[in-house]
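Notes to accompany the following structure.
Computed from a predicted model, the values in this text were never measured in an experiment. In listed order, ligands and their atoms are each counted from 1.
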Amino acid sequence: MTPITEQDGVWRLDGVDLHALADAVGTPTYVYSSATIRARIAELQQAVRGLDARICYAVKANPNLAVLALMAHAGLGADIVSGGELQRALRAGIPAQRIVFSGVGKTEAEIVAAVEAGIWRFNIESRDELHLLCRVSSRLGTLVNAALRLNPDVDARTHAKISTGRAQNKFGVDRDEAWRCFADAAECAYVRLDGLHMHIGSQIVELDPFREALGHVAGFRKELDAAGYPVRSIDVGGGLGVRYALHAPAPVPVQDYADAIRSAFADFDGTLVLEPGRWLVADAGILLTRVIRVKPGAERPFLILDAGMNDLLRPALYDAWHGIVPLHAREASTRRYDVVGPVCESSDTFAVDRDLPMCGAGDLVAILGAGAYGASMASTYNSRPLPAEVLVDAGCHAVVRERQTVEAMLAGEAARGPGIEPAP
Ligand SMILES: *Cc1c(COP(=O)(O)O)cnc(C)c1O
């Protein structure tokens with residue numbers, strides 16, 4: 001849960017007064033706590049101590065350059081899924097040699113860019129991609145490292161839309177295809193396929209799905225080894241869940257997760273790779289928003305915020321539950337609300353029938369646990385400019401992404417076309 005605090009009516013995150021911040025920067029604004037991110041990094045590094053393990057932060061969870069710079073300073077690498085994320089990671093100071101590239105739809109241009117940048121390894125998701133990587137690396141005369149993503153057909157018991165390790169999901173390959181890939185790679189002088197990769201889903205709160213998938217990969221590693229395909233790195237993906245709600249089951253403690261990895265690969269002497277995204281940043285962020293108005297409803301009033309599903313998509317997309325805290329000076333009597341945004345969709349709903357302190361127009365509200373898959377999934381739907389992003393640390397704040405202007409949102413468009421006269 002995001003560590004916002006209240007003292008004498010002043011709400012703060014990392015010592016920064018959130019009312020003053022909202023006055024200065026406006027709303028809606030994402031606010032990230034550096035201290036929380038640093039603490040999470042340290043906790044994970046502590047949990048894997050003694051292992052030959054590299055942590056490659058999954059950029060898509062929160063790709064803000066300042067957040068990536070925090071990761072870079074802590075010595076983390078990056079797990080990227082596009083050419084755009086490659087540029088972000090490099091620009092934030094993450095060395096190419098600490099970057100792994102995942103994803104089922106890498107294009108030739110993206111592969112070329114990553115080979116030329118000299119990334120550490122490609123997480124291959126299909127035989128076709130392997131062949132393309134072979135053609136590109138041979139053409140460029142550059143030896144590349146690769147790992148093969150196995151689809152372990154494990155139910156991560158998370159939301160269907162963030163489950164990635166079932167046979168019917170598009171990710172990874174099954175064992176038969178994996179054997180063919182290793183055989184093909186042996187014929188390619190410029191691809192060193194000596195790793196395995198898995199990632200079974202996101203917001204996983206139980207250990208068993210991880211254990212099952214890790215066991216699957218560990219077993220296959222031994223079979224490969226016996227067949228003369230030595231495996232030097234195993235990437236266990238990400239997926240570790242966080243606690244969005246006190247009423248939700250407690251997620252796997254990070255030490256238990258690390259211990260499961262430790263025991264699954266006790267007899268493996270290569271390098272392990274972890275790709276956490278959400279767990280490092282989700283709790284560190286809030287979405288700061290103001291009440292536009294309260295509207296009576298058939299069942300209960302609507303609390304209409306100036307943040308919408310375009311700013312924070314998770315409730316609409318995944319039925320996600322987020323804590324919602326009105327930042328009132330005093331404890332008010334409570335009321336049940338449907339908390340909604342201004343977007344013209346009924347799915348633009350942050351909470352239904354939520355018991356909250358009474359709110360009125362202009363009140364400031366924090367949506368908690370918004371540090372992961374928040375700003376990164378924001379869009380300009382309804383022509384709403386992208387929100388600002390702020391990093392706070394020990395009482396100081398910095399705007400790390402300016403609020404998008406309408407001018408910037410419209411850049412690249414023009415009111416003309418075939419048969420359309422330019423607008424006056
Ligand atoms: C999204 C993703 C991650 C990170 O998942 P989290 O649930 O945010 O930890 C890691 N690896 C791959 C391949 C991913 O696609």
Side-chain angles (χ1 to χ4, degrees), residues 37 40-41 43-44 47-48 53-64 67-68 71 76-82 84-86 89 98-106 110 114 119-126 129 146-152 154 156-166 169-173 195-206 209-210 213-214 217 233-244 251-252 254 257-258 261 272-285 313-314 317-318 320 369-377:
I37 296 174
R40 283 292 166 97
I41 296 170
E43 209 183 324
L44 183 57
V48 298
R54 297 199 194 183
I55 302 169
C56 292
Y57 167 65
V59 172
K60 73 179 191 284
N62 187 329
N64 185 284
V67 171
L68 294 180
M71 305 297 172
L76 268 55
D79 168 40
I80 60 164
V81 293
S82 71
E85 287 192 351
L86 172 65
R98 292 199 184 135
I99 295 176
V100 298
F101 191 176
S102 306
V104 296
K106 302 179 192 79
E110 288 175 318
I119 67 163
W120 182 35
R121 57 181 53 239
F122 288 82
N123 286 334
I124 300 284
E125 303 237 13
S126 65
E129 182 191 336
L148 186 65
R149 180 167 178 176
L150 276 187
N151 184 321
V154 163
R157 292 201 280 280
T158 182
H159 193 280
K161 286 183 181 163
I162 47 176
S163 173
T164 58
R166 303 302 307 274
N169 297 137
K170 68 182 174 182
F171 301 98
V173 299
L196 288 175
H197 176 225
M198 62 170 249
H199 174 69
I200 57 172
S202 197
Q203 185 52 17
I204 301 168
V205 295
E206 298 170 68
F210 283 122
L214 292 168
V217 171
S233 79
I234 293 177
D235 184 330
V236 299
L240 197 56
V242 299
R243 192 169 208 175
Y244 284 104
V252 182
V254 69
Y257 172 71
I261 295 169
L272 295 168
V273 185
L274 284 75
E275 298 172 338
R278 185 189 311 273
W279 192 83
L280 290 176
V281 293
D283 286 337
L313 186 59
R314 299 188 65 258
L317 191 61
Y318 308 135
Y373 304 103
S376 64
M377 295 180 115

* To do: Check side-chain contact (heavy atoms from CB on, under 4.5 Å) between H199 and all other residues, then give those that pass, not counting sequence neighbours.
  => R149, T164, H197
* Structure fact -> Sorted by chain and residue number, the side chain to side chain donor-acceptor pair (under 3.5 Å) partners of S233 (sequence neighbours excluded) come out as R121
* Structure fact -> One should read off an interatomic distance between K106 NZ and S126 OG, to the nearest 0.5 angstrom, of 7.5 Å
* **Contacts of type ring-ring contact (aromatic ring centres under 6.0 Å, His included), residue F171, not counting sequence neighbours** => none
* Structure fact -> The protein residues that pass the under-4.0 Å heavy-atom test against ligand 1 are A58, K60, D79, S102, R149, H197, H199, S202, G238, G239, E275, P276, G277, R278, Y373
* Would you please classify the geometry between the F101 ring and the F122 ring as parallel, tilted or perpendicular, with 30° and 60° separating the classes? => tilted
* Quick one: do E85 and K60 make a salt bridge, cutoff under 4.0 Å? -> no
